Amino acid sequence: MTSHATAGSAGGSSPVEPVEDARADAPLARLVDADWLLPTGAAGLLGFTAKFESAVSALQEALTRAHPTGTPGPSFLAPVVPLSHIERAEYAEAFPHLLASVHALPPGTGGSGGSRVLGADVRVPTDAVLAPAACYSLYPALADRTLDAPRHFDVAGSCYRHEETSEVGRFRSFRMREFVAVGTEDTALAWREDWMERCRAFFADLGLAVRVEAASDPFFGPGARFMRSSQLQQSLKYEFVAQVSDSDAGTAIASVNLHKDHLGLRFAIGAPGGGPAHSSCAAFGLERIVLALVHQHGDTPADWPGTAAIRTGLDTVHS
Ligand code: AMP
Ligand code: ZN
């Protein structure tokens, strides 16, 4: 995981979110006019048109085909996860500002006074938070045992991060597809190496200009300052960066992450043959990749370059 480790401000902070005027944000207004995005009026919260969703579906199918050993497609994980799982992963230590929690109203507070009740803020925290990355739900399922053999996962899910800014491509609610390996140190390293090359080829096939950057991402929790430089030195996280709008200097559309034994230790997962399990993942931001395709190739998906496979999916998209 990487920035896979955050969920929102778990309680306490102001419930007031900045309101966004789509007309004042030129890149956003352009995407709304071209029938890609549906503004909600709240910053970083967007709806997606049928045209956008057709492109997401074609992208998902292309990712399925990119899998090294074959996959029937992703398992969809819940957008809401137990707080205890996120705590065990030490996500909140590393990314407290990104984490968001689910609150509920006590019994008897509904009815005609509901809005006043909300105004008085009688909301109570629940045991759930919004998933900050798809793969966080996997490790608890493997916890407190030793694996017989390496495990590989193909998952997708809705994620939430309480982002401070809301330029096009930086959403609070977005979707992620992840390919995850958990096993020995060699398993995790080989998966990382394979997906680095696979990502380059995948984006080249889509005709997307990307640059690859070593990134820091303190998913290791306390000691982040030290770990940040250490992570950079060890090249644990690489990001595939592309332009998603005219004013964009570059946005990460995917990341490939080596967690070492961080999650194996936190979740007491034993590697086959002994020692803590190591893990790695390749994570794809579905909305950002579609936005990069639109930015680079235009508003008519049938004209987009790409493998024959993804073209087949996109040819059916109305322009
Ligand atoms: P990370 O765990 O930060 O490496 O995130 C994995 C991928 O999810 C990134 O490479 C992005 O493509 C996507 N992503 C992360 N944060 C956001 C966001 N706020 N809005 C849209 N996509 C995001
Ligand atoms: Zn992950």
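Because the structure is predicted, anything quoted here is derived from the model rather than measured. We number each residue from 1, following the sequence as shown. One-based numbering, in listed order, for ligands and for the atoms of each.
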Would [X] count as being in polar contact with ligand 1, using the rule that some N or O on each side must be under 3.5 angstrom apart?
X	value
Ala283	no
Gly169	yes
Asn257	no
Phe284	no
Arg161	yes

Do the charged groups of [X] and [Y] touch, with an N to O distance under 4.0 Å?
X	Y	value
Arg211	Glu213	yes
Arg30	Asp299	yes
Asp154	Arg65	no
Glu163	Arg172	no

Under 4.0 Å, heavy-atom basis, I'd like to know which part of Lys237 is in contact with ligand 1: side chain, backbone, both or neither.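 Under 4.0 Å from ligand 1, Lys237 contributes side-chain atoms alone.
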Please state which part of Ala254 comes within less than 4.0 Å of ligand 1, counting heavy atoms only: side chain, backbone, both or neither.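 Backbone only; the side chain of Ala254 stays clear of ligand 1.
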For the atoms SG of Cys281 and OE1 of Glu178, give the angle they form at the Zn ion (ligand 2), rounded to 10 degrees.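 My answer is 90°, to the nearest 10°.
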Is the closest heavy atom of Ala133 to ligand 1 under 4.0 Å?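 It does not; every heavy atom stays at 4.0 Å or beyond.
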Any non-hydrogen atom of Arg288 lying under 4.0 Å from ligand 1?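 Arg288 counts as a contact of ligand 1 under the 4.0 Å cut-off.
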Does any pair with a residue in residues 58-79 pass ring pair (Phe, Tyr, Trp, His ring centres under 6.0 Å), and if so which ones, sequence neighbours excluded?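 Applying ring pair (Phe, Tyr, Trp, His ring centres under 6.0 Å) to every pair that reaches into residues 58-79, excluding sequence neighbours, yields His67-Phe179, His67-Trp191.
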Give the atoms of ligand 1, by number and element, whose distance to some non-hydrogen atom of [X] is under 4.0 Å.
X	answer
Glu163	16 (N), 18 (C), 19 (N)
Met176	5 (O), 6 (C), 8 (O)
Ser255	1 (P), 4 (O), 6 (C), 10 (O)
Ala252	9 (C), 10 (O), 11 (C), 12 (O)

Quiz item: cation-pi between Arg175 and Phe48, 6.0 Å / 45°: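 Here Arg175 passes the 6.0 Å and 45° test against Phe48.
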Using the side chain to side chain donor-acceptor pair (under 3.5 Å) rule, collect all pairs that involve residues 72-87, keeping only residues at least two apart or in two chains.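 Side chain to side chain donor-acceptor pair (under 3.5 Å) check on residues 72-87 returns no pairs.
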Under 3.5 Å side-chain donor-acceptor pair for Asn257 and Ser255: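 Side chains of Asn257 and Ser255: pair found under 3.5 Å.
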Roughly how far, to the nearest 0.5 Å, is the CG atom of Leu31 from the CG atom of Leu291?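 Here the interatomic distance stands at 6.0 Å.
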